[in-house]
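What follows is a short report on a single structure.
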2 protein chains.
Amino acid sequence: MMSPERPPIGLTLGSTAKVVSRAFDEALAVAGGSLPVWLTLLSVKTRKLANQRKIAAGIGIQGATLTHHLNGMEAEGLLVRRRHPTNRRTHQVELTEAGEALFVRLLEAAIAFDKRLRAGLGEGEIADLDRLLAKLRANVGEPG
Amino acid sequence: MMSPERPPIGLTLGSTAKVVSRAFDEALAVAGGSLPVWLTLLSVKTRKLANQRKIAAGIGIQGATLTHHLNGMEAEGLLVRRRHPTNRRTHQVELTEAGEALFVRLLEAAIAFDKRLRAGLGEGEIADLDRLLAKLRANVGEPG
DNA sequence: TATTGTTATACTCTATAACTATA
DNA sequence: TATAGTTATAGAGTATAACAATA
């Protein structure tokens with residue numbers, strides 16, 4: 001039996017990611033943020049121990065690019081950078097009150113967005129999607 | 001039974017799309033192209049009848065953004081734009097020989113990439129992934 | 001010397017607003 | 001007036017290379 005014609009899966013993935021990430025960006029913008037700001041805040045909150053390079057790698061950007069975002073966020077009063085007391089090469093990134101508040105707002109926005117995104121999808125379908133996306137990552141050589 | 005902790009599906013989708021599209025971009029770059037150039041060539045070849053606005057919408061960008069890419073591609077000798085003979089408001093986009101040749105090279109690269117991307121995935125899994133991605137698009141309000 | 005992070009610079013993709021040409 | 005497309009301008013995100021500070 002012939003399989004039905006279907007666009008390449010990479011194209012479908014790309015266009016889906018484009019519309020989804022735009023919608024997510026808009027949701028974050030309404031809450032006063034953006035995708036890189038959200039990913040940065042999330043990393044700082046989640047992996048407090050990691051240095052900036054590890055945070056950058058976790059987000060999927062270069063160290064210098066993270067510095068660029070941190071500069072902007074520090075200028076906006078969302079965080080402060082201090083030298084680490086024992087290893088003074090590394091910096092400690094700490095959220096200010098404004099940064100913590102923004103984190104909470106963006107977290108709420110992200111939770112609401114994910115709920116919207118998962119509408120009509122069962123737990124098993126989400127697990128399937130997760131597993132299939134992991135296979136794609138593995139197939140392009142992503143170690144994670 | 002508790003469901004296992006899993007990052008939000010939007011985050012997983014975003015990071016997967018990032019690594020996959022970077023790998024695809026590299027594959028296209030090796031063949032002498034880029035993602036927007038490839039999408040533009042593909043649209044011009046596939047929907048010859050559509051005007052630029054429809055092509056732009058198909059790619060998911062604004063008309064002015066498409067003009068920007070067409071300018072670059074025309075400067076590189078990949079295509080020419082002519083006034084349509086009967087409706088002179090619209091432009092006919094035609095690939096030059098160089099444009100046709102690049103299309104073939106990028107097509108080969110895209111086919112090879114998709115093969116790599118689908119490694120170890122059965123036809124049913126691809127169909128599942130396709131269906132699940134369509135659901136996500138629908139959930140963020142995408143009409144297609 | 002090696003590591004961590006920053007600065008300087010620039011590129012790509014995208015967008016909006018104002019404009020021209022055509023209908 | 002409405003439509004198709006272009007030009008001008010700008011902004012966000014990213015990258016590389018060179019640098020400073022620390023170990």
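Naming: A, B, ... by sequence-line order, numbering from 1 per chain. Only this structure's heavy atoms are used, side chains among them; waters, hydrogens and symmetry mates stay out.
When rounded to the nearest whole Å, the span between CD of Glu76(B) and C1' of dT12(C) equals 13 Å. A straight line from CZ of Arg89(B) to P of dA21(C) spans 15 Å, rounded to a whole angstrom. Atom P of nucleotide dT7(C) and atom NE2 of His69(A) are separated by 15 Å, given to the nearest angstrom. The distance from atom CG of Leu66(B) to atom C1' of dG5(D) is 10 Å, rounded to the nearest whole Å. Rounded to a whole Å, the CG atom of Asn51(A) is 17 Å from the P atom of dT22(D). If you measure from atom NE2 of His91(A) to atom P of dT22(D), you get 8 Å, rounded to the nearest angstrom. Distance, Glu74(A) CD to dG5(C) P: 14 Å, rounded to whole Å. The distance between atom CD of Glu26(B) and atom P of dA15(D), rounded to the nearest whole Å, is 11 Å.
Closest to the side chain of Gln52(A), out of dA23(C), dT6(C), dA15(C), is dT6(C). Among the nucleotides dT7(D), dG13(D), dC13(C), the one closest to the side chain of Ala64(B) is dT7(D). Of the candidate nucleotides dC13(C), dT16(C), dA15(D), dT16(C) has the atom nearest to the side chain of Gln62(B). The side chain of Thr90(B) lies closest to dA4(D) when the candidates are dA4(D), dA21(C), dT7(D).
Residue Arg88(B) has a polar side-chain atom (N or O) positioned under 4.0 Å from OP1 or OP2 of dT22(C). Considering only side-chain N and O atoms, Arg22(B) lies under 4.0 angstrom from the phosphate OP1 or OP2 of dA15(D). Residue Arg83(B) places none of its side-chain N or O atoms closer than 4.0 Å to OP1 or OP2 of dG5(D). For the pair Lys18(A) and dT14(C), the criterion of a side-chain N or O lying under 4.0 Å from OP1 or OP2 is met. For dC13(C), the OP1/OP2 oxygens have a side-chain nitrogen or oxygen of Ser34(B) closer than 4.0 Å. Dashed line: the shortest gap from a side-chain N or O of Thr67(A) to OP1 or OP2 of dG5(C) is not under 4.0 Å. At dT6(C), none of the side-chain N or O atoms of Asn71(A) fall inside 4.0 Å of OP1 or OP2 (strictly under the cut-off).
Residue Ile59(A) is the one, among Ile59(A) and Asn87(A), whose nearest nucleotide of DNA chain D lies closer to the 5' end (criterion: closest heavy atom).
Between the side chain of Thr90(A) and the backbone N or O of Asn51(A), no donor-acceptor pair lies under 3.5 Å. Remark: side-chain polar atoms of Thr16(B) are paired, donor with acceptor, to backbone N or O of Thr12(B) under 3.5 angstrom.
A salt bridge (charged side-chain N to carboxylate O under 4.0 Å, His left out) with Glu94(B) is found for exactly one of Arg82(B), Arg83(B), Lys45(B), Arg81(B), namely Arg82(B).
Salt bridge present: Glu123(A) and Arg118(A) bring a charged side-chain N and a carboxylate O closer than 4.0 Å.
In summary, the side chains of His69(B) and Thr67(B) do not present any donor paired with an acceptor at a separation below 3.5 Å, with no hydrogens or angles considered.
Residue side chain Arg53(A) reaches the base of dG5(C) through a donor-acceptor N/O pair under 3.5 Å, judged by distance alone.
Here the CD1 atom belonging to Ile126(A) is positioned 8.0 Å from the CG atom belonging to Leu132(B), to the nearest 0.5 angstrom.
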